[in-house]
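Report on the following structure.
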There are 2 protein chains.
Amino acid sequence: MTDALAPLAGPDIHRRLRGPVRIVGAGLLGASIGLALREQGVDVVLDDVSPAALALAVDYGAGRPPAAGDAPELVVVAVPPDVVATVVERELTAYPDAVVTDVASVKSGPLAALRAAGADVSRYIGSHPMAGRERSGPTAARADLFVGQPWVIAGHDDITYQRAAVVEDLALDLGATVVPMDPESHDLAVAYVSHTPQLVSTLMAARLRDAPDGSLGLAGGGVRDVTRIAASDPGLWVQIIGANATRIRPVLADLRDDLDRVLAALDDPHASGSPRTLAEAIAAGNRGVERLPGKHGTSKRFAQVVVLVDDTPGQIAALLTFIGEIGINLEDMRLEHSPGAQIGIVEVSVVPEQEQRLVERLEERGWRIAAAWA
Amino acid sequence: MTDALAPLAGPDIHRRLRGPVRIVGAGLLGASIGLALREQGVDVVLDDVSPAALALAVDYGAGRPPAAGDAPELVVVAVPPDVVATVVERELTAYPDAVVTDVASVKSGPLAALRAAGADVSRYIGSHPMAGRERSGPTAARADLFVGQPWVIAGHDDITYQRAAVVEDLALDLGATVVPMDPESHDLAVAYVSHTPQLVSTLMAARLRDAPDGSLGLAGGGVRDVTRIAASDPGLWVQIIGANATRIRPVLADLRDDLDRVLAALDDPHASGSPRTLAEAIAAGNRGVERLPGKHGTSKRFAQVVVLVDDTPGQIAALLTFIGEIGINLEDMRLEHSPGAQIGIVEVSVVPEQEQRLVERLEERGWRIAAAWA
């Protein structure tokens, strides 16, 4: 599998981990890292406070149980956020020759706690693979979970380049894209692009509990998109949000202030100033969403072409085959629901220069186009 | 095109509109209705306060300009929300034998205004096709904009079944699914499933303006989904939200109260009660999102299978072709971004009973599966 992935991950010129690698925590992330390293022949030592979880992950092939005399090159701490610092400190002590990293979603807290405890942070560097799934536990683990995803390496001044490179090697071995970012910048970034959106999606979804029964039949792609990530594990998210509360809170408080202005405008939407307040709020949203980079890390905007298809995989496949045959590269794609209907709507994104040709060729071939815009 | 669509729209046993149909407002909806009716041979009279917009829509084939002696069977008012009632009243007076409908996003206000003005509402019934696009104007019009979408018919006690049926005919002629719903229920429904999600997406997107530059590179599918509909037209949405403010406000106010509880918990996330507050908020979101019906109007949950593909339409097409060949029906599909990477992640939804077989067959064929869960 590694060889098959190499062309996708770019020229593979980094030093590969030799191992052994010790992984503490046999959940989704820990077991996925173990599976991927095992496929590359690395000796992986797994550990977990739960003997059952450990046995399961070992059965899955994610590594072997610890043995006396284990001398890991790298320790990966993949435990819940609230015990990361404690476990990292213990591992630094237990394996004085190892570099130790963790893979938790928040990075400043563990480093600060380790410094406060007098731990040897010259061998610790936190990291954060931007990968996860709605499912958790070792049975959800996949060796290719990290392929093509950003993996933040949260550098600090007390670790040498050589030692930090061991964690970069791990990310690269697993097919991820290394993103160096200091812990504070990382935590602020995820407050904006992960944790606050998570809470906002949750708050919107919670309101749907009160919607009259018949209402939900009118739900289209918009509300589905806004609330998709609200289907998340409360236990895990309480820890993540708790660990990054100081950075999420100001973002969410600013949002609340904006919300209060919108509510005031809704009190009397036709009063002088109210339409302007609403228009400014919506325009501010326009500008915010425009900041999100497009695919491949660019901020390029794509043209959209919306095609009607029968609701069968064969139809969608035929559409994509045709797009490929005429040499147009698909930048993104979305399948829209049509409640109650046996028809699908495929929204295809292409570079704007290719929109007109795509529309013409699709129409020549008899595809029904519902809309197209650049 | 009509014949081609007929099998998708189900048995076509309704009475077809004879026309003429008069459409007031040559924007996206008006011109799309005109195009669709013209394709079916119906005489369509277009009108618009803007001679330029009218001329453009006529050039597009959406209908003909008004002429002396026009005697429409049906008048469709497709003008901005704030002038709907005025225009409907004028049309009721001008065409005393016609049934008049409108297609605005809010339904109680126009009916109440017409009653207050003493208009003949025995010939008026509002409607709302749940279709639209990010683009507006006649150049965005498509004859098949409404195919497979819900079209709410907002009935009331002062119009006979026979007259209301003319508007049902319109919806059915255009391939939509008729959803009868009284005006109040409709307006409350769209407050929950359309207008409040729109504002919430807008408020989250507006916060991204303040995110440090490097942050956006960590953006994944979550924040993109939450903020997608924030890229909407401020002018139109100010009117829609203004017209439904009384129903949106309580929903948004409840959300603000929930938000304040979350903010209080974030002040001291490890205080007694805070983790519980956060966990309850996230669990409430879980329950809300579960209420959204799945595709085909059921509330069935689907199993997800996540497949890694090269970033080419040919790969995605090959995947869907294979899924079709092994007889598995695709319920939904999502293409995930991988910023900076040349790899795509396709998330396929199938009925849970088919998940295991799909995974087995995909793996046999060498597809790389990143995750699967029911």
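Just so it is clear: chains get the letters A, B, ... in the order the sequence lines come, proteins before strands, and each one is counted from 1.
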About how many Å separate [atom2] of [Y] and [atom1] of [X], when rounded to the nearest 0.5 Å?
X	Y	atom1	atom2	result
B/Ile316	A/Leu320	CD1	CG	6.0 Å
B/Arg224	A/Leu292	CZ	CG	5.5 Å
A/Gln149	B/Leu218	CD	CG	11.0 Å
B/Leu203	A/Asp254	CG	CG	11.5 Å

For B/Arg291 and A/Leu208, indicate whether the former's side chain and the latter's backbone hold a donor-acceptor pair under 3.5 Å.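 Side chain of B/Arg291 to backbone of A/Leu208, a donor-acceptor pair under 3.5 Å: yes, one is there.
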Would you confirm whether A/Arg207, through its side chain, and B/Thr196, through its main-chain N or O, come within 3.5 Å as a donor-acceptor pair? no
Region of [X] that comes under 4.5 Å of a non-hydrogen atom in chain B:
X	answer
A/Asp210	both
A/Asp213	both
A/Val200	both

What part of [X] is in contact with chain A, defined as an atom under 4.5 angstrom from a non-hydrogen atom: side chain, backbone, both or neither?
X	answer
B/Val348	neither
B/Leu319	neither
B/Asn244	neither
B/Val262	side chain
B/Asp82	neither
B/Val251	both
B/Ile229	side chain
B/Met204	both

Considering non-hydrogen atoms only, spot the tightest contact between [X] and [Y] and give its length.
X	Y	answer
A/Ile282	B/Ser232	CG2-O, 3.7 Å
A/Asn286	B/Ala230	ND2-O, 2.7 Å
A/Ala205	B/Gly285	CB-O, 3.4 Å
A/Thr321	B/Ala317	OG1-CB, 3.1 Å

When only pairs under 4.5 Å are counted, which of [options] shares the most heavy-atom pairs with chain A?
options	value
B/Leu199, B/Leu259, B/Leu278, B/Ile241	B/Leu259
B/Ala206, B/Pro275, B/Ala283, B/Ala265	B/Ala206
B/Asp267, B/Ile248, B/Val179	B/Asp267
B/Thr277, B/Leu263, B/Thr202	B/Leu263
B/Pro269, B/Pro234, B/Ala189	B/Pro234
B/Asp268, B/Thr246, B/Leu266	B/Leu266

Quick check on the interface: out of [options], who has the most heavy-atom pairs with chain B under 4.5 Å?
options	result
A/Ser201, A/Gly235, A/Ala211	A/Ala211
A/Asp258, A/Val152, A/Leu188, A/Val190	A/Asp258
A/Ala191, A/Gly222, A/Gly366, A/Ser274	A/Gly222

Side chain to side chain, A/Thr227 and B/Pro197, heavy atoms closer than 4.5 Å: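 No, their side chains stay 4.5 Å or more apart.
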Test: B/Asp225 and A/Arg228 ion pair at under 4.0 Å: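 Yes, charged N to carboxylate O under 4.0 Å.
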